[in-house]
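Just follow the structure's listing: the first ligand is 1, and inside any ligand the first atom is 1.
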Amino acid sequence: MTMVSFSRLVAYIIVLFSACLPAIAVEVSYDGRAIKIDGERRILISGSIHYPRSTPEMWPSLIQKAKDGGLNTIETYVFWNAHEPQRRQYDFSGNLDLIKFIKTIQNEGLYALLRIGPYVCAEWNYGTNNDAFMNEMKTFTTLIVDKVKQENLFASQGGPIILAQIENEYGNVIQSYGDDGKQYINWCADFAESLSIGVPWIMCQEGDAPQSMINTCNGWYCDQFTPSRHDVPKIWTENWTGWYKDWGGKDPHRTAEDLAFAVGRFYQYGGTLQNYYMYHGGTNFGRTSGGPYIATTYDYDAPLDEYGTKTEAKIFVISLFILNVLIRSVLGNLNQPKWGHLKQLHLLLISMEKILTHGEVTNHDYGKMMSSTVYDLNGTRVCFFGNANEKEDIQITFEGTNYTVPAWSVSILPNCSKEVYNTARVNSQTSVMAKKPYAQKLEWTWRAEQFEHFKSPSQKQSSPLKGVTYATHLLDQKALTNDTSDYLWYTTSVDIDENSPVYGQEASLEVQSKGHILHAFVNARHIGSKWAKDGHYDLYFERSAKLKLRHGKNSISLLSATVGLQNYGAYFDKEENGILGPVKLIAPNSQELDLSTNQWEFKVGLNGEERELYKDDDHRNWHTDKLPFNRMFVWYKTTFQSPPGEDPVVLDLLGLGKGIAWVNGHNIGRYWPSYHADENGCSSTCDYRGAYTNNKCLTNCGQPSQRWYHVPRSFLQKEGNTLVLFEEFGGNPSNVNVQTVTVGKAYGNAYEGNNLELSCQGGRVISEIKFASFGDPKGTYGSFEKGSCESPNSLSVIKQACVGKESCSIDVSEGIFEPSGCKDLTARLAVEALC
Ligand SMILES: *[C@@H]1O[C@H](CO)[C@@H](O)[C@H](O)[C@H]1NC(C)=O
Ligand SMILES: *[C@@H]1O[C@H](CO)[C@@H](O)[C@H](O)[C@H]1NC(C)=O
Ligand SMILES: *[C@@H]1O[C@H](CO)[C@@H](O)[C@H](O)[C@H]1NC(C)=O
Ligand SMILES: *[C@@H]1O[C@H](CO)[C@@H](O)[C@H](O)[C@H]1NC(C)=O
Ligand SMILES: CC(=O)N[C@H]1CO[C@H](CO)[C@@H](O)[C@@H]1O
């Protein structure tokens, strides 16, 4: 365990005690320059953390790590369909405890930005009944505002919430709705105002936001954004730190250099509040991922990785908070160097708050996309040199001194004479995470999904089954399931006699579906399956093989599965899913029998879901022998031990097809490791220069889109954890195993005059230094090489400082290294350490 500085301990105790003091109301207002808190203009640096995408046990450490990373504000959406899954039936339990989440933010002494929406996008599953939308929106929004007010959580009541949002990115779709759109957004504003929350309301991506609203920007870059009115500040509500992943998609990465550049530009050009979307992305547990086809991981390449940090230690419960500080300061899955590189930027920007929010601004354009901005407050100045040129490093002479600003970067000079930060010069460690299997033999049991309801269609007609809907046309899957399951059975029966066009013929079955996956059965026999490649296209199923239909009654059963519902776009709520027809039997001579207007029977969900097999402790109906491989519709079950320690736990599900996984009854999400990303379009290097898009820097080509699945520590007990899988496509569970995620290697890179910190995080020590060179080392991490000059004692200095330690800090200067002999360049230290 490392030493914790005394001042930090004191600060923690102060926060702890101040949280117990009576809250003092603060006034939040704004002018054209900034959000003002108690009359003071502020530089606000915020990050999105969505409470349902982690667990309450993870929240304190996530927020602590955000604070350590230099944020002063946390943003979250409010997830309507999670809180109101059925009309007027509310759920605020477990990881839906919004109030607890806001209080956790408050306990860390941070501000909160509450985006109530209630429409949120966020690649989150659609699922709310849409009738009389405005009325429902009003009821829900009022409920949330009342709950928050009751707990005194608005800043006007002494709470942390300084801003709230109504609607979300409506400006992107408003055109499609004509006058109705305009009326709706005005209604939203009036309604929001009527709630009297005492802090300002914002609307993001809403160009003509009504007078009472602050309109804000979302995007990769927002430096060129100007708000619609002069008297509102420039606010960036979503600065995308990376991007989400689809099933079949690759891993998107946004570099630390480019993200820092975007932030540097935004504050250079007068921005005063920006929010990282996401700061911690997390996991789409259960069926929460939207779509179609959003993966279970929502890592987002955010500064804190999907697995977040360790669970709150038991030590906290017995309130030995000193020990708790020790632990909290050590552990955490930081996405490095992104977290550290941005941290340095945040601390610098906040240190310049007064000048940035009050100083007189002078911009100078040098051409070639090179500009300088000077903020001057009564002679105290700060400077930004911004180079938006994608290729050229540019030298400028400023007040007699020459400065070289690398392409696509911003230099910050807090006193306009010495550069202390450049967005392209990363001095933070790069961590390469490693997954370590926890060796144990898993014993599997299994049972088949029961398809009893279509086995005897004739018997059923007389006594309709419970939970079954009938209609003489095909119905939208979303409307029927109410989003309670991915699965919907469509069953009909057809009488074949001498007059039927398919009588005595080898017919085929044709089904038109809106997706996403279809399994077809005739007379209880599986005849084929099909799935849409990316979920966006209609699915057309044609079984040309010969179907022998019986004389008399034949049953046709179609199991339709969705993989996340549409969550974005104009009229997205109207998007239909499932089998909308036609459904036809076709004879070889092309004569058809259209079944679309037959009597259809609709049954929501799997039999195993209804029986809650994932909770079942009863092992009687599970087989222990003849474990089936590559068989569809099989339930598998095993028990496993938790790996010791506090490192995050993942399941490696390689070998499985597609399905759902539960651990101790918790649905950890859909899995689909058999779906591989395309072979092409990846590159091992990523040039941060030039505008980023989500297709720019991709890895994981040809690999399963998602192989590892997060199991939060709080879902686990020490021994006897139950894992249940519903395998829909067929797979082999033999290689499924439990792993932990830790830092495998730490790469250091720092320029002369900076400090290099290396750490293995997670409590382990640096075991070996593979490479160290202070001079002009070449290459990037993973392939560092000695350059033309270096200090001869580079390796020994680093070994001495770091080996056997959990973390080490090196002052990168010629003071501790022997002369490098490098001429006319800023020397750089590169290190590769093993954990
Ligand atoms: C700057 O100067 C103006 C008048 O010249 C004064 O009113 C103001 O208080 C000064 N601001 C600071 C921060 O010193
Ligand atoms: C700055 O750059 C200019 C043009 O490249 C050069 O003439 C001048 O000597 C430089 N000044 C210093 C102080 O290096
Ligand atoms: C500017 O800051 C740097 C480092 O922060 C310092 O070395 C330098 O003396 C300062 N210059 C002035 C004019 O304050
Ligand atoms: C879906 O919701 C509607 C309206 O709330 C209700 O009538 C229906 O029974 C629900 N269906 C299911 C499958 O839960
Ligand atoms: C407001 C803004 O900057 N929007 C941008 C967000 O990012 C997308 C994708 O790069 C751009 O197309 C938008 O212009």
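With respect to Asp776 and Lys778, a salt bridge is recorded, a charged nitrogen being found less than 4.0 Å from a carboxylate O. By the 4.0 Å N-to-carboxylate-O rule, Glu40 lies close enough to Lys354 to be salt-bridged with it.
Nearest protein neighbour of atom 4 (C) of ligand 2, counting heavy atoms only, is Gln395 OE1, 4.2 Å. Scanning the protein for heavy atoms near atom 11 (N) of ligand 2, the closest one is Asn402 ND2, 2.8 Å.
Lys745 places no side-chain N or O within donor-acceptor distance of the main-chain N or O of Gly782, the cut-off being under 3.5 Å.
For atom 14 (O) of ligand 2, the nearest protein heavy atom is under 4.0 Å away. In this structure, atom 7 (O) of ligand 2 has no protein heavy-atom contact shorter than 4.0 Å.
Ring pair Tyr267/His346: centre-to-centre distance not below 6.0 Å.
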